[in-house]
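Single-structure report; data block below.
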Amino acid sequence: MTGLRETTRDSTFTFWEVPVEALPLDRDDAERRLEDRTRTGTPEGHGTGH
């Protein structure tokens, strides 16, 4: 795992709560959510981790 530190150092992990019927998220939905997060500073949903 220590070999991944350089790769993940600048990564941000984002979490969303979605109904089970919406799983799995497709790539377009995930990208839209990430764009929303970038534009507003907060994701659609309940939280982010860094």
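Contacts of Pro24 classified as side chain to side chain contact (heavy atoms under 4.5 Å, CB included), with partners at least two apart in sequence or in another chain: none. With sequence neighbours left out, Leu34 forms a side chain to side chain contact (heavy atoms under 4.5 Å, CB included) with Thr14, Trp16.
Taking CD of Glu31 as the reference point, atom CG of Leu25 lies at 11.5 Å (rounded to 0.5 Å).
With respect to the salt-bridge test (charged N to carboxylate O, under 4.0 angstrom), the residues Asp28 and Arg32 do not qualify. Under 4.0 Å is where a charged nitrogen must lie from a carboxylate oxygen, and between Arg39 and Glu35 no such pair does.
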